[in-house]
Protein chains: 2
Amino acid sequence: MRPRIEVDRSSPIPLYFQVAEQIAEAIRTGELAPGDQLDSEVQIAESLGLSRPTVRQAIGHLVDRGMIVRRRGVGTQILPMPVRREMELTSLHDDLARSGRAPATDVLLLARVPAEPEAAAALGLAAGTPVTKVVRLRRSQGEPLAVMRNWLPEPVPPLTEEVLETRGLYEVLRKAGIRICVARQRIGACTADAEQAALLEERRGAALLTMERTAFDDSGRAVEFGSHIYRASRYSLEVTVTEH
Amino acid sequence: MRPRIEVDRSSPIPLYFQVAEQIAEAIRTGELAPGDQLDSEVQIAESLGLSRPTVRQAIGHLVDRGMIVRRRGVGTQILPMPVRREMELTSLHDDLARSGRAPATDVLLLARVPAEPEAAAALGLAAGTPVTKVVRLRRSQGEPLAVMRNWLPEPVPPLTEEVLETRGLYEVLRKAGIRICVARQRIGACTADAEQAALLEERRGAALLTMERTAFDDSGRAVEFGSHIYRASRYSLEVTVTEH
DNA sequence: TAGTGGTCTAGACCACAGC
DNA sequence: CTGTGGTCTAGACCACTAG
């Protein structure tokens with residue numbers, strides 16, 4: 001089984017990426033259903049006029065995303081429940097916007113401050129080094145969802161409350177030429193104290209999901225540290241884990 | 001900069017894997033420090049007598065793990081904080097054992113039961129289908145750490161309380177020939193009810209981290225559903241996320 | 001036995017970064 | 001300009017699975 005795929009050799013988009021995206025799209029639309037067997041790599045390569053390594057690279061990307069599995073001697077098969085993976089390198093803002101859940105943001109703080117020890121350590125700076133600190137309350141459909149605290153080392157892109165109220169932080173950083181390529185996250189849980197409860201319109205003692213994240217650009221520099229709390233009653237994280 | 005690497009062409013271990021492991025080991029031991037520039041792919045390939053694609057495949061694995069970054073026109077660089085990633089496709093038991101934290105397990109239930117609707121849905125079965133249910137209390141260094149509930153569809157490998165008290169579930173499944181290759185997880189938080197609090201030696205209302213996981217083998221069959229709670233005061237999850 | 005994916009080679013051209 | 005990683009080719013041999 002093979003979805004209809006067309007490759008454009010004049011496009012600047014890599015061929016393997018064009019193939020991967022079109023197979024992924026076929027899975028999303030249901031043209032390829034869970035359990036379906038994909039044509040062999042050789043067959044796909046011949047039918048598209050590509051080499052086998054190129055096709056293999058395309059399929060490899062889908063395997064990494066947990067959308068399909070390969071078995072030697074058997075073939076390549078579509079996995080059930082190919083839900084979109086969350087916990088990609090995107091912001092909560094982008095996630096909400098993509099799923100049509102009207103994100104809104106209140107900027108509670110935007111200031112240049114001496115880095116707290118925890119933030120400084122995460123960013124690889126000495127405590128007290130000047131950094132830009134941002135605290136935001138993220139709402140979705142009117143409901144408070146998360147309190148997000150971020151620390152940005154200098155040089156920092158131009159940030160205004162206005163921009164932060166309409167754009168996700170990652171989008172702003174990306175447009176400022178900061179290319180985040182890897183992030184390390186620690187996920188835990190806690191209960192709401194009085195201040196957190198008030199902000200999030202929860203009761204004291206309500207369950208909160210916590211996430212700390214340090215993000216690096218492609219030069220290995222830490223470009224952002226975030227410490228966020230989410231209302232567990234309204235939010236959870238999804239992860240797809242693959243072996244090999 | 002290049003760590004000392006030796007490849008054994010007579011070994012059944014793939015060459016790219018040998019190279020990747022030895023570079024990773026050099027990073028772990030500090031022979032390669034954060035910020036160090038790796039030799040170019042061509043240089044490494046020549047010095048090892050391998051082709052460039054093979055070396056590239058090795059480095060690609062490390063990039064996927066968030067240990068290094070590649071920049072076109074610049075080179076390949078070691079990232080800071082090369083902590084081992086958690087949230088791999090391993091069991092909590094294995095994680096604890098690897099870090100020397102003496103896991104112990106109490107089997108609270110091991111029985112064949114009709115699947116609850118939630119578990120049946122996750123496994124793709126009709127509610128009430130007979131499944132094997134396991135409930136375990138996992139301890140580390142004497143302290144309760146997690147309550148783990150698992151549902152296994154038939155055919156189920158032979159399970160005994162004795163085996164489950166000394167081995168992780170994933171290890172048992174692996175030895176029974178069940179090769180888990182992809183899992184989808186949902187992570188959230190809740191507060192402890194009276195029963196959970198008693199088991200985990202926490203107060204009622206204490207923060208708990210929740211994880212639900214459905215695991216698939218390489219034929220796309222759901223082979224396990226787990227619903228686990230962890231003491232947030234003793235446990236958190238780590239994830240490394242990479243772009244591209 | 002035939003067909004699959006897993007690995008590997010020895011090249012090639014390109015875009016990009018830094019000098 | 002040189003050197004880097006990013007992409008791509010056209011083969012090859014192998015281990016494994018299924019019929």
Side-chain angles (χ1 to χ4, degrees), chain A residues 1-2 7-21 23 36-64 68-79 177 179 181 217-221 242-244, chain B residues 1-2 7-21 23 36-64 68-79 177 179 181 217-221 242-244:
Chain A
M1 196 156 195
R2 172 175 64 251
V7 295
D8 174 7
R9 301 194 83 106
S10 69
S11 162
I13 299 171
L15 298 174
Y16 80 87
F17 193 81
Q18 295 183 34
V19 174
E21 278 305 291
I23 295 176
D36 281 357
Q37 198 88 8
L38 216 57
D39 277 6
S40 78
E41 297 173 352
V42 176
Q43 285 172 333
I44 294 177
E46 279 176 359
S47 79
L48 297 177
L50 300 174
S51 70
R52 185 185 158 206
T54 299
V55 171
R56 188 170 169 74
Q57 188 179 6
I59 294 176
H61 273 232
L62 303 177
V63 172
D64 289 343
I68 62 183
V69 284
R70 290 193 278 218
R71 275 188 296 169
R72 167 156 41 181
V74 178
T76 302
Q77 198 175 75
I78 313 300
L79 274 176
R179 290 164 301 187
C181 70
D217 70 5
D218 55 12
S219 72
R221 193 176 73 101
T242 58
E243 179 89 348
H244 292 184
Chain B
M1 194 155 194
R2 171 173 66 252
V7 296
D8 175 7
R9 301 195 82 106
S10 68
S11 162
I13 299 170
L15 298 175
Y16 80 87
F17 193 81
Q18 295 183 35
V19 174
E21 278 305 290
I23 294 176
D36 281 356
Q37 197 87 11
L38 216 57
D39 277 5
S40 77
E41 297 173 350
V42 175
Q43 284 173 331
I44 295 176
E46 280 176 359
S47 80
L48 297 177
L50 300 174
S51 70
R52 185 184 159 206
T54 299
V55 171
R56 188 170 168 72
Q57 187 178 6
I59 294 176
H61 272 233
L62 303 178
V63 172
D64 289 343
I68 63 184
V69 285
R70 287 191 282 215
R71 276 188 296 169
R72 166 155 47 180
V74 178
T76 303
Q77 196 175 80
I78 313 299
L79 274 175
R179 288 163 303 187
C181 69
D217 69 7
D218 55 12
S219 72
R221 193 175 75 100
T242 57
E243 179 90 347
H244 292 182

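Naming: A, B, ... by sequence-line order, numbering from 1 per chain.
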Next item on the list: Taking only the side-chain nitrogens and oxygens of Arg70(A), find out if one of them lies under 4.0 Å from OP1 or OP2 of dT4(C).
Entry: no
Next item on the list: Output, in order, the C-alpha distance, side-chain angles, deciding distance and verdict of side chain to side chain contact (heavy atoms under 4.5 Å, CB included) for Ile68(B) and Ile59(B).
Entry: CA-CA 8 Å; Ile68(B) 63 184; Ile59(B) 294 176; 3.5 Å; yes
Check: Counting only N and O atoms by type, is there a donor-acceptor contact under 3.5 Å from the side chain of Arg179(B) to the main-chain atoms of Asp218(B)?
Finding: no
Next item on the list: In whole angstrom, give the distance that lies between atom CZ of Arg56(A) and atom P of dC8(D).
Entry: 16 Å
Notebook entry, point to check: Could you give the distance from OG (Ser40(B)) to CD (Glu46(B)), rounded to the nearest 0.5 Å?
Noted result: 8.0 Å
Notebook entry, point to check: Starting at CD of Gln37(B) and ending at P of dG18(C), how long is that distance when rounded to a whole Å?
Noted result: 11 Å
Checklist line | Divergence of helical axes at both termini of the helix from dT1(C)-dA18(D) to dG18(C)-dC1(D) - five pairs an end, 10° steps | finding: 10°
Notebook entry, point to check: Distance check: side-chain N/O of Thr54(B) vs OP1/OP2 of dT7(C), anything under 4.0 Å?
Noted result: no
Margin query: Let's see if you can work this out: which of dG5(D), dT9(D), dG6(C) has an atom nearest to the side-chain heavy atoms of Thr76(B)?
Written below: dG5(D)
Between the protein and nucleotides 14-19 of chain D, are there any N/O to N/O pairs under 3.5 Å, and if so, what are the atom names and distances?
{"from": "dA15(D)", "atom 1": "O4'", "to": "Arg72(A)", "atom 2": "NH1", "distance (Å)": "3.3"}

Next item on the list: For dT7(C), take OP1 and OP2 only and decide whether either is under 4.0 Å from a side-chain N or O of Tyr16(B).
Entry: yes
Note to self: In whole Å, I'd like the distance from the CG atom of Asp64(A) to the C1' atom of dG6(C).
What the structure shows: 15 Å
Tabulate atom names and distances for all N/O pairs under 3.5 angstrom spanning the protein and nucleotides 10-12 of chain C.
{"from": "dA12(C)", "atom 1": "N6", "to": "Arg52(B)", "atom 2": "NH1", "distance (Å)": "3.4"}

Note to self: Could you tell me how far apart Glu41(A) (CD) and dC8(D) (P) are, to the nearest whole angstrom?
What the structure shows: 16 Å
Item checked: Euclidean distance, atom CD of residue Gln57(A) to atom P of dG5(C) [Å, nearest integer] -> 16 Å
Next item on the list: Would you kindly give the CG-to-C1' distance between Leu15(A) and dG6(D), to the nearest whole Å?
Entry: 12 Å
Check: Gln18(A) and Ile13(A): which non-hydrogen atoms are nearest, and at how many Å?
Finding: NE2-O, 2.9 Å
Notebook entry, point to check: Counting any heavy atom closer than 4.0 Å, what does Ile59(B) reach on the DNA or RNA strands: base, sugar-phosphate only, or nothing?
Noted result: nothing
Check: Whole-Å distance between dG6(D) C1' and Asp218(A) CG?
Finding: 14 Å
Notebook entry, point to check: Taking CD from Gln18(A) and P from dT7(D), how many angstroms apart are they, rounded to a whole number?
Noted result: 12 Å
